[in-house]
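Note on naming: letters A, B, ... go to the chains in the order of the sequence lines (proteins, then strands), and numbering restarts at 1 for each one.
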Amino acid sequence: MTSRQLNKLATRIGFWVLVAVVLIYAIFPFYYAVITSLKPSSELFSVSYWLDSLDFSNYVAIFSQGSFVRAIFNSILVSISVVAIALLLGITASYALGRVRFRGRTTVMLVILGVSMFPQVAVLSGLFEVIRGLGLYNNPAGLILSYTIFTLPFTVWVLTTFMKQLPQELEEAAIMDGATPWVTITKVFLPLMWPAMATTGLLAFIAAWNEFLFALTFTLSDDQRTVPVAIALISGGSQHELPWGPIMAASVTVTVPLVVLVMIFQKRIVSGLTAGAVKG
Amino acid sequence: MASVTLDKINKVFGHDHIIKDVDLDIGNGEFVVFVGPSGCGKSTLLRLIAGLESITDGELSIGEQVVNELPPRERGVGMVFQSYALYPHMTVYENMAFGLKLAKESNETIEERVMATARILQLEELLHRKPKALSGGQRQRVAMGRAMAREPRILLFDEPLSNLDASLRVQMRNEIARLHHRLGSTMVYVTHDQVEAMTLADKIVVLNAGRVEQVGTPQELYQRPLTKFVAGFIGSPTMNFLPAELVAGTAEGCRVRANGVGELPLPQEPGRHDAGDALTLGVRPEHLGLAPASGDNAFEIVNVEYLGNEVYVYLEPKEGDTLLIHRSEAPSRWQTGERVALVPDPEHVHLFDAENRALVAKRARSVA
Ligand SMILES: Nc1ncnc2c1ncn2[C@@H]1O[C@H](COP(=O)(O)OP(=O)(O)O)[C@@H](O)[C@H]1O
Ligand SMILES: [Mg+2]
């Protein structure tokens with residue numbers, strides 16, 4: 001072997017080692033959670049990285065609790081509502097911000113961006129008052145409201161950027177064909193904006209699905225909780241026992257929908273995130 | 001089909017006065033071309049007619065109806081855009097049917113109209129394709145089909161051929177001309193290409209900086225330009241301009257002197273101009289004869305272009321840096337480096353005053 005070939009081989013090995021490290025770093029925690037969830041609790045503290053046998057008792061345990069099933073249902077309700085509301089408002093707002101010229105348009109855009117920079121804790125107490133004032137405390141609607149507040153700026157911003165890139169003449173062609181703004185949005189722009197909508201919608205869904213702080217603060221009873229809080233509140237047989245098995249089973253259960261969603265939409269996400277980078 | 005009347009139309013964007021007092025009559029079934037340099041307001045004028053921009057001042061009528069306040073869909077106009085602007089997610093059929101659907105036509109009517117339009121434009125084979133699977137010329141035809149399907153009273157075109165390559169452009173130009181003969185509908189067409197304007201138009205409107213410079217048939221504009229701008233804009237290669245001086249008025253017209261040409265008797269009347277006034281002499285390349293010469297007044301030939309059927313001879317100008325052009329049938333006796341005198345054909349010489357307005361020939365006036 002010449003030194004050049006050696007060099008090439010070394011580079012290649014180095015590359016794959018690096019890939020392996022990154023993969024392990026990214027996947028190991030999830031892998032370990034899956035493993036743990038499939039072990040009986042008696043084996044929990046014997047450290048092993050392989051599964052000797054499959055044991056679904058942890059899954060049976062969490063699904064036999066009514067409150068966990070209820071929490072999943074709440075999470076689905078809240079997340080889907082947030083996505084639907086955010087996309088509807090986002091699309092209509094982005095039409096105004098992206099296609100209609102009016103005074104103060106840039107200011108509005110900057111305010112929207114500014115609002116999205118506040119940390120959750122900063123608005124927690126204020127939002128709590130609002131939600132109590134509206135009578136939405138301990139109600140999924142309160143969570144929908146507060147998540148939408150945090151999701152909208154991002155949604156509007158991304159959709160506006162996307163909307164701005166759609167050619168002016170396309171809209172004018174629709175106007176000449178007799179389309180009202182609503183028809184233009186729904187029949188002409190929407191079909192072209194699926195990638196952007198899939199991207200923003202999915203990110204909104206993930207944010208709402210995983211949110212913990214608001215969910216903990218704005219709900220009180222078991223039957224109003226969402227999954228992240230429900231998992232945190234899973235307790236063991238005694239004060240001294242942390243039920244790792246059921247917690248991991250629950251975590252895996254609620255992660256699977258996200259993984260599935262990302263897989264379904266991955267092509268569109270990529271084209272949504274890179275759209276406009278080069279003119280298509 | 002309908003006529004269009006523009007009465008003192010003005011358009012102001014913010015502080016920019018873009019369209020200034022445009023008066024224009026477009027007859028029923030006429031093919032009118034707006035031509036002018038980029039940025040002169042052609043598209044804006046077209047969009048005012050379409051209703052895509054609001055009219056700042058003046059009155060626009062289509063047929064007998066004032067349409068200033070009508071939205072585009074109620075004006076009965078169809079428009080073909082420069083970028084085609086086809087709906088990318090719809091098939092050719094759906095593109096053409098979209099406007100009809102919005103107009104709540106019955107399904108039978110929609111199908112009938114779309115099929116009829118597709119037949120005229122030879123799109124029948126393509127009806128189920130999406131725009132991205134079409135060639136440039138096909139997209140162009142679909143864009144026209146979409147504009148035509150609603151059977152508008154007027155068809156508007158904004159530089160529809162400028163995205164096509166040269167040979168396709170000539171072909172589509174022909175198709176549009178034939179379409180006009182066949183449909184006989186009123187068409188308004190915007191282009192910055194004077195060849196397109198000359199070949200397509202019944203009537204050309206030359207625009208310059210938001211004003212109408214001249215309106216006329218292609219022949220009128222070519223033979224009797226009213227301003228130096230029109231003279232220079234229409235015709236290719238462009239007209240030669242030489243600085244000149246009025247010597248005197250005569251019974252037949254006037255006498256003019258130009259550097260390198262000597263004194264010329266011309267049919268134009270001096271009008272309010274006096275001897276000694278500065279004028280500009282305009283001669284088209286085909287009317288600029290050459291003769292062998294020497295001495296200070298002679299022009300040097302800097303290049304000779306052979307185009308097969310004809311020859312362009314380029315001369316170093318005395319002033320400015322625009323080369324003078326002589327054009328004649330091939331073969332040409334002239335060679336690069338020779339020195340020549342200019343021999344313009346007095347019948348075809350144009351004269352412009354300091355305000356760039358043409359001096360009118362006696363005969364032209366008596367004919368008119
Ligand atoms: N919406 C608009 N706002 C401001 N200025 C405009 C607008 N549309 C056109 N203009 C200006 O009007 C002038 C004429 O434009 P246009 O009609 O597109 O020219 P043309 O089609 O002859 O090239 C240009 O200087 C352009 O900048
Ligand atoms: Mg234009």
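Within 6.0 Å of the CZ atom in B/F13, the count of heavy atoms belonging to other residues, nucleotides or ligands exceeds 12. The number of heavy atoms from other shown groups lying within 6.0 Å of CZ (A/F102) is above 12. Around atom CD of A/Q120, more than 12 heavy atoms belonging to other residues, nucleotides or ligands sit under 6.0 Å away. Within a 6.0 Å radius of CD in B/E124, other residues, nucleotides and ligands contribute more than 12 heavy atoms. With a 6.0 Å radius and a threshold of 12 heavy atoms from other residues, nucleotides or ligands, A/Y31 has its OH atom above the threshold.
Of the two parts of B/Q82, the backbone and the side chain both hold a non-hydrogen atom closer than 4.5 Å to a non-hydrogen atom of chain A. For a residue to count as touching a neighbouring chain, one of its non-hydrogen atoms must lie under 4.5 Å from one of that chain's; by this rule B/V77 touches chain A with backbone and side chain alike. At a 4.5 Å heavy-atom cutoff, the contact between B/A50 and chain A is made by backbone and side-chain atoms alike. Contact of B/L100 with chain A is not made at all, since no heavy-atom distance falls under 4.5 Å.
Across every non-hydrogen atom of A/K187 and B/H89, the tightest pair is O-NE2, 2.9 Å. The two residues B/F81 and A/E169 make their nearest non-hydrogen contact at CB-OE1, 3.3 Å. Taking all atoms of both residues into account, the shortest heavy-atom contact from A/L192 to B/P88 is CD2-CG, 3.7 Å. Across all their heavy atoms, B/L52 and A/I175 have their closest contact at CD2-CG2, 4.0 Å. The two residues A/A173 and B/A85 make their nearest non-hydrogen contact at CB-O, 3.8 Å.
In this structure, the side chains of B/K101 and A/D177 stay at 4.5 Å or more apart for every pair of heavy atoms. Within the 4.5 Å cutoff, the side chain of B/R47 has heavy atoms near those of the A/E172 side chain.
Interface summary for chain A: among B/P72, B/A149, B/G78, the most heavy-atom pairs under 4.5 angstrom belong to B/P72.
Note: A/M176 CE to B/R146 CZ = 10.0 Å, rounded to the nearest 0.5 Å.
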